[in-house]
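Working notes, structure below.
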Amino acid sequence: MSSALSAFSSLSSRRRGAVRLAAVTWVSGLVAAGVLAGAGSAAAEETTQSQGGATATIGGLKTYGEAVIHGDSGDQRVSAGLFEMSVDGGGTLQTYCVDLHNPTQRDAKYHETPWSGTSLGANKDAGRIRWILENSYPQVNDLAALAVKAGVKGGLTEQDAAAGTQVAIWRYSDGADVDAVDPQAERLADYLQKSAVDVAEPKASLTLDPPAVSGHPGELLGPVTVHTNAAGVTLTPPADAAMTGVRIVGKDGKPLTAAADGSQVFFDVPEDAAAGSAELTVQASTTVPVGRAFASESRSQTQILAGSSESTVSATASAAWAKKGPIPALSAVRNCAKGGVDITAANQGDEAFTFSLMETEYSIPAGESRTVTIPLQEDQPYDFTITGPGGLDKRFTGILDCKTEAQASEGGDAVQTLSEPSPATVGGSVDDTNLAATGGSSTTPLIAGVAIGLVVIGGAALVLTGKKQSPTEE
């Protein structure tokens with residue numbers, strides 16, 4: 001186990017907001033976020049940068065063959081094929097890897113994620129990967145017909161089909177010099193690579209837009225628009241709705257318990273309600289579109305969806321309200337194009353919402369919305385809490401994982417992975433490397449240190465932990 005390392009610093013409080021640089025600790029390759037962040041942060045509602053959809057736990061490779069990665073240091077033999085994930089609430093997903101040189105963490109939790117929040121966002125060939133998924137196994141389960149199309153003599157087994165498909169994907173996702181060991185699988189990989197054309201990113205299985213709203217008591221706060229491929233969704237009101245009197249309603253003010261794609265829903269807050277916040281949960285059962293990305297919060301290799309059973313998908317939206325002053329609605333999402341996390345603040349109050357970020361002061365006038373990007377280093381763990389009027393208290397944690405090894409090399413920066421594959425000579429006696437199934441190892445690097453202090457003035461406080469380096473340029 002790697003030794004733990006921590007660092008901390010603090011600054012004096014400033015007006016209603018406070019600056020606190022929290023500590024970060026790495027244990028067996030996983031960041032222990034929240035324990036050292038202090039009582040205020042520990043009590044915060046923890047969320048990820050997922051915009052809704054399926055959440056699943058990876059179970060490992062299920063159908064696979066072998067491949068060989070050719071590199072400057074020699075050849076490495078790896079397993080290549082389909083992973084299986086168990087969806088929270090019910091359902092099963094099949095996925096391929098789109099991050100060859102990064103291992104999977106055992107039982108890692110994954111969230112459906114737009115391409116912009118992964119390495120696919122900066123990959124001009126991402127659309128070709130989706131074409132491969134739609135035109136190969138398991139979407140095409142007639143392996144005899146697939147073999148004929150690919151010119152594979154002797155037919156394809158499921159293992160051949162999975163390995164060939166994964167190899168073709170790696171050539172586009174990682175720019176890898178990789179071949180399938182089995183000749184039939186290699187022929188399929190060549191066919192898929194040469195035939196692939198650009199296809200648009202699929203829409204999410206379920207999202208809510210915007211994910212946060214705000215306003216005054218006595219108003220309908222919203223609208224929040226439902227976007228889904230499901231036939232319908234169920235709406236679960238805030239847990240304390242009976243005490244606060246907050247209702248989920250349509251534009252006409254009538255209570256809603258169900259909705260459909262394109263529906264607009266609102267938070268109906270009583271006029272005499274004290275300043276506060278609430279959260280709506282939306283859930284549905286549907287098949288997740290092929291080509292949707294899945295990212296983890298633990299630097300486990302990014303996956304892309306190849307097949308889905310009927311699965312549970314969900315999304316949340318929050319509302320904040322107050323009678324006067326700034327009333328911010330806050331949300332966050334990864335932005336790999338800018339190498340950071342976007343914080344969006346919409347102010348529906350009657351006073352400006354002002355805060356300082358990275359030594360720059362921002363002021364959001366009443367009735368306006370702004371987005372601020374927190375630049376981060378690749379592979380940098382982050383942990384920040386946003387608090388505001390009415391008990392608004394949200395915590396965002398994760399690791400910025402926006403580049404594959406090839407993308408990082410193009411930018412002149414090397415990617416640190418949680419474990420490196422051990423050399424293996426093809427056909428030799430050295431144990432073969434199973435990159436796809438490898439978990440964190442004792443070689444996990446310690447990435448620690450204080451990164452950024454976010455000074456927040458207008459009734460909000462942000463806390464961020466991570467690697468002490470200069471921010472990346474946008």
Side-chain angles (χ1 to χ4, degrees), residues 45-64 81-98 104-115 117-118 130 133-134 137-139 141 158 162 201-209 211 224-239 241 248 256-263 265 279-298 300-318 398 436-437:
E45 172 196 351
E46 186 167 351
T47 62
T48 68
Q49 283 69 71
S50 169
Q51 294 181 329
T55 299
T57 302
I58 198 162
L61 281 167
K62 296 300 179 182
T63 307
Y64 59 94
L82 273 172
F83 287 87
E84 188 172 285
M85 293 190 189
S86 299
V87 179
D88 291 2
T92 302
L93 307 177
Q94 292 176 302
T95 61
Y96 286 106
C97 159
V98 287
T104 57
Q105 299 293 337
R106 296 181 183 91
D107 299 320
K109 186 76 73 175
Y110 281 79
H111 305 278
E112 185 179 341
T113 305
W115 288 358
T118 72
R130 186 186 176 193
L133 294 166
E134 292 178 333
Y137 181 76
Q139 286 301 303
N141 55 21
E158 290 182 343
E201 177 181 1
K203 294 181 180 179
S205 60
L206 174 62
T207 58
L208 300 177
D209 182 32
V224 174
T225 304
V226 177
H227 299 287
T228 183
N229 67 342
V233 300
T234 58
L235 309 177
T236 302
I248 303 302
L256 291 176
T257 58
D261 180 47
S263 295
V265 299
E279 188 172 83
L280 161 69
T281 300
V282 178
Q283 192 172 83
S285 181
T286 187
T287 56
V288 183
V290 170
R292 289 295 291 171
F294 279 79
S296 77
E297 300 299 317
S298 58
S300 190
Q301 63 184 193
T302 304
Q303 304 283 310
I304 192 164
L305 188 72
S308 169
S309 70
E310 190 79 6
S311 299
T312 299
V313 296
S314 62
T316 58
S318 63

The salt bridge (Lys or Arg N to Asp or Glu O under 4.0 Å) partners of Arg292 (sequence neighbours excluded) come to Glu112, Glu201
Are Glu297 and His111 side-chain neighbours, meaning at least one heavy-atom pair lies under 4.5 Å?
-> yes
Output the distance between atom CG (Asp261) and atom CG (Leu206), rounded to the nearest 0.5 Å.
-> 9.5 Å
Residue set satisfying side chain to side chain donor-acceptor pair (under 3.5 Å) with Thr302, at least two apart, ordered chain then number -> none
By side-chain contact (heavy atoms from CB on, under 4.5 Å), Thr287 pairs with (sequence neighbours left out) Ser308, Glu310
Check side-chain contact (heavy atoms from CB on, under 4.5 Å) between Ser309 and all other residues, then give those that pass, not counting sequence neighbours.
-> Thr92, Ser311
Only counting residues at least two apart or in another chain, list the ones meeting side chain to side chain donor-acceptor pair (under 3.5 Å) with Thr57.
-> Lys109
Any chance you could lay out the side-chain hydrogen bond (donor to acceptor under 3.5 Å, both in side chains) test for Thr55 and Asp88, step after step, and finish with the verdict?
-> CA-CA 6 Å; Thr55 299; Asp88 291 2; 5.0 Å; no
Measure the spacing between CG of Leu93 and CD1 of Ile58 and express it to the nearest 0.5 Å.
-> 10.0 Å
Side-chain contact test, heavy atoms from C-beta onward, threshold under 4.5 Å: evaluate it for Ser318 versus Pro211 and give yes or no.
-> no
Calculate, to the nearest 0.5 Å, the distance between atoms CD and CG belonging to Gln139 and Leu305 respectively.
-> 8.0 Å
Residues in side chain to side chain donor-acceptor pair (under 3.5 Å) with Glu134, at least two apart?
-> Arg130
Inter-residue atom distance Asp107.CG - Ser296.OG, 0.5 Å rounding | 12.5 Å
Find the distance between OH (Tyr64) and OH (Tyr96) and round it off to the nearest 0.5 Å.
-> 14.0 Å
Is there side-chain contact between Leu235 and Val282, with at least one heavy-atom pair below 4.5 Å?
-> yes
Does Glu158 have any salt bridge (Lys or Arg N to Asp or Glu O under 4.0 Å) partners at least two apart in sequence or in another chain, and if so, which?
-> none
Is there a donor-acceptor pair closer than 3.5 Å between any side-chain N or O of Thr312 and the backbone N or O of Ser285?
-> no
Measure the spacing between CG of Leu82 and CG of Leu61 and express it to the nearest 0.5 Å.
-> 8.5 Å
Quick one: side chain to side chain donor-acceptor pair (under 3.5 Å) partners of Tyr110, sequence neighbours excluded?
-> Ser300
Applying side-chain contact (heavy atoms from CB on, under 4.5 Å) to Ala241 and not counting sequence neighbours gives Pro237, Pro238
For Asp209, side-chain contact (heavy atoms from CB on, under 4.5 Å) partners two or more places apart | His227
